[in-house]
Amino acid sequence: LSSSGKSLLRVGFLSSLSRKDIILPITDFLMQHCPELALDIRLLDFVALRNQLLDQRLDLCITTSNDWRFWPGIHTTVLQQKQFQVVYSARHPLAKKETISLPDLAAHTQLTLPNDNMLSGIEQALEAVIILLLIGVLVGTWIASGTVPTLIYYGLKIITPKFFLITAAFTCGIVSFAIGAWGTVGTVGLAFMSIGVALGVPSPIVAGSIISGSYLGEIISPLSDATNLTAAVVGCEIFDLMKRAMPIALAGFAVTEVFYFVSGLRYGGGDASGVAENIAPLLAGLDTSFRISPVSLIPILVMVVCIVIKFPAIPAVMAGVVSGLIVAVAAQGMPFGDIFTIGFSGYVGHTGVTLLDELLTAGGIESMMHANSIVIIAMAYGGLMQKTGQIEALVSPLVSHVKSCGGAITSPLVPWNTCGIYCSGILGVATMSYLPYAFLGLFLPLLLIVLSLGSSLFRTKKASPSSAQCQLH
């Protein structure tokens, strides 16, 4: 009994039910037709609803589930039946059927739990997460092994300010063809970053040249993940895509090199003795802190060989890490116990030259945590969008128009993209600072647009009525 003396009817509603269409109409019906009852209305989730009903803390419950009939001691009554629509993408197997039966629905998963969707998205990114962590270790070990310092030393000896930008872009392009964009930025790119700053070239334009060269390999290399993904999406062979993309990419890169040559002229007219004076402390610091020799370049050779013989990305990076550790211990005299510290926290420069110490303090798993957190969160939401069909609805209209190589080259120009976050963190230059100088990423999409428009106009003219009549006559 309630406090008013009326009999108490304890009613539970599934909390996800519509209040306007279900809960309020049923409550009004009970109050009008059973005025002798006092109602105790509860909005509960499925588990609480079931438990309170079985424990006799509820007299009845209103739900959309039909599974109650399998519970002993519970009587179910159908109050209302409604037709419902099932919406599928055009590629779903059930989309080809004119009518769908209950066995058809049972044979296909209609909706999985959001948790499962998000986990499936994260699972897709696990390889990228592992590669990111290994690159952090790779950068630290290659500095400790003298690989990066040796590249910096030889670069300072050979390269002049006038030709520095075109050399940096060209070299990074060659290296990225073998080890990928991220590996190039974190190793050779880091070395060129040090050289450029030492030569007096502003760091944003140095970073722009490094990124332009590094990401050239992303669109013309058969070893690139981006190239393979584009081939899979477009539905063509990888080498067919390369043949189609390479002329445009190389033409764009050639124009980019012209821009870097013109930009480099601004920094090549200074006093040569002044440049040498600035470089001298850096060379002395490197020579004092590391054993500069071709032996230190062995890790690069090992990694290139692994890629050439088509090792998967993760074993190839691990081979670069192991070879770097061996050279660091054997050639540089690094204590064996420092391996774990450098691998986790990165290398700390101790040359006594402030500029060098800032540039060589890098790498380690910890340095990759920010980028990895962005990857994991983004892929979790991406998995949810993929499973609910949102990505397919957004991408499908565009896939038919994807013909070439515009996407991968612009990824490091987006501050919230993983490529932008990674390049900014490794090179120490904000994405928006180097963006105006990443000429390949800016020029190549424009070139693709111009070529696409020109191709469309050509096809339109070719298919015009007048030309058709000329062909008929």
Side-chain angles (χ1 to χ4, degrees), residues 123-151 171-192 210-211 213-218 221-229 296-329 334 338-347 360 362-372 374-376 379 408 411-412 418-419 421-423 425-427:
E123 185 178 356
Q124 295 177 23
L126 281 181
E127 183 178 4
V129 169
I130 293 173
I131 291 175
L132 267 176
L133 295 177
L134 287 175
I135 286 177
V137 179
L138 182 76
V139 172
T141 54
W142 279 22
I143 296 176
S145 66
T147 303
V148 173
T150 298
L151 290 173
T171 306
C172 288
I174 296 297
V175 174
S176 69
F177 192 85
I179 67 174
W182 283 17
T184 303
V185 171
T187 54
V188 179
L190 185 61
F192 274 115
I210 293 169
I211 289 168
S214 299
Y215 276 83
L216 175 67
E218 283 291 287
S221 172
L223 308 175
S224 165
D225 291 340
T227 306
N228 284 275
L229 177 61
S296 299
L297 302 179
I298 290 177
I300 293 180
L301 180 62
V302 170
M303 194 167 174
V304 170
V305 170
C306 289
I307 297 297
V308 170
I309 62 178
K310 297 184 178 179
F311 258 41
I314 291 177
V317 177
M318 289 182 66
V321 170
V322 172
S323 59
L325 291 174
I326 293 173
V327 172
V329 174
M334 184 186 75
D338 290 351
I339 289 176
F340 301 101
T341 302
I342 292 174
F344 186 77
S345 301
Y347 184 86
L360 295 179
I365 291 176
E366 285 184 336
S367 66
M368 296 290 106
M369 288 303 182
H370 177 64
N372 267 336
I374 299 296
V375 171
I376 292 172
M379 291 305 296
S411 57
T418 52
C419 297
I421 295 169
Y422 172 78
C423 293
I426 289 291
L427 300 178

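Only a predicted model underlies this, so the values are computations on that prediction, with no experimental measurement involved. Throughout, numbering of the chain's residues begins at 1 and tracks the sequence.
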Taking all non-hydrogen atoms of both residues, which atom of P412 and which atom of I211 are closest, and how far apart?
CG-CG2, 3.6 Å
What are the two closest non-hydrogen atoms of I143 and A362, and how far apart are they?
CD1-CB, 4.1 Å
Could you give me the CA-CA distance, side-chain angles and deciding distance for T141 and V322, then say whether side-chain contact (heavy atoms from CB on, under 4.5 Å) is met?
CA-CA 9 Å; T141 54; V322 172; over 6 Å; no
Taking atom [atom1] of [X] and atom [atom2] of [Y], what is their separation to the nearest 0.5 Å?
X    : Y    : atom1 : atom2 : value
I298 : T150 : CD1   : OG1   : 10.5 Å
I135 : I365 : CD1   : CD1   : 12.5 Å
C172 : L216 : SG    : CG    : 10.5 Å
S367 : Y347 : OG    : OH    : 15.5 Å
I326 : I339 : CD1   : CD1   : 9.0 Å
L133 : L138 : CG    : CG    : 12.5 Å

Would Y215 and C423 count as a side-chain contact (heavy atoms from CB on, under 4.5 Å) if you check the C-alpha gap in whole Å, the side-chain angles of each, and the deciding distance to 0.1 Å?
CA-CA 11 Å; Y215 276 83; C423 293; 3.8 Å; yes
Side chain to side chain contact (heavy atoms under 4.5 Å, CB included) partners for I314, two or more places apart
E127, I130, I131, L134, M318
Start with the C-alpha gap between V327 and L297, add the side-chain angles, then the distance that decides, and say whether side-chain contact (heavy atoms from CB on, under 4.5 Å) holds.
CA-CA 9 Å; V327 172; L297 302 179; over 6 Å; no
Applying side-chain contact (heavy atoms from CB on, under 4.5 Å), run through W142 and S296 and close with a yes or a no.
CA-CA 9 Å; W142 279 22; S296 299; over 6 Å; no
Partners meeting side chain to side chain donor-acceptor pair (under 3.5 Å) with S145 (sequence neighbours left out):
T147
Within the distance-only criterion (no hydrogens, no angle test), does the side chain of S345 pair as donor or acceptor with the backbone N or O of I342 below 3.5 angstrom?
no
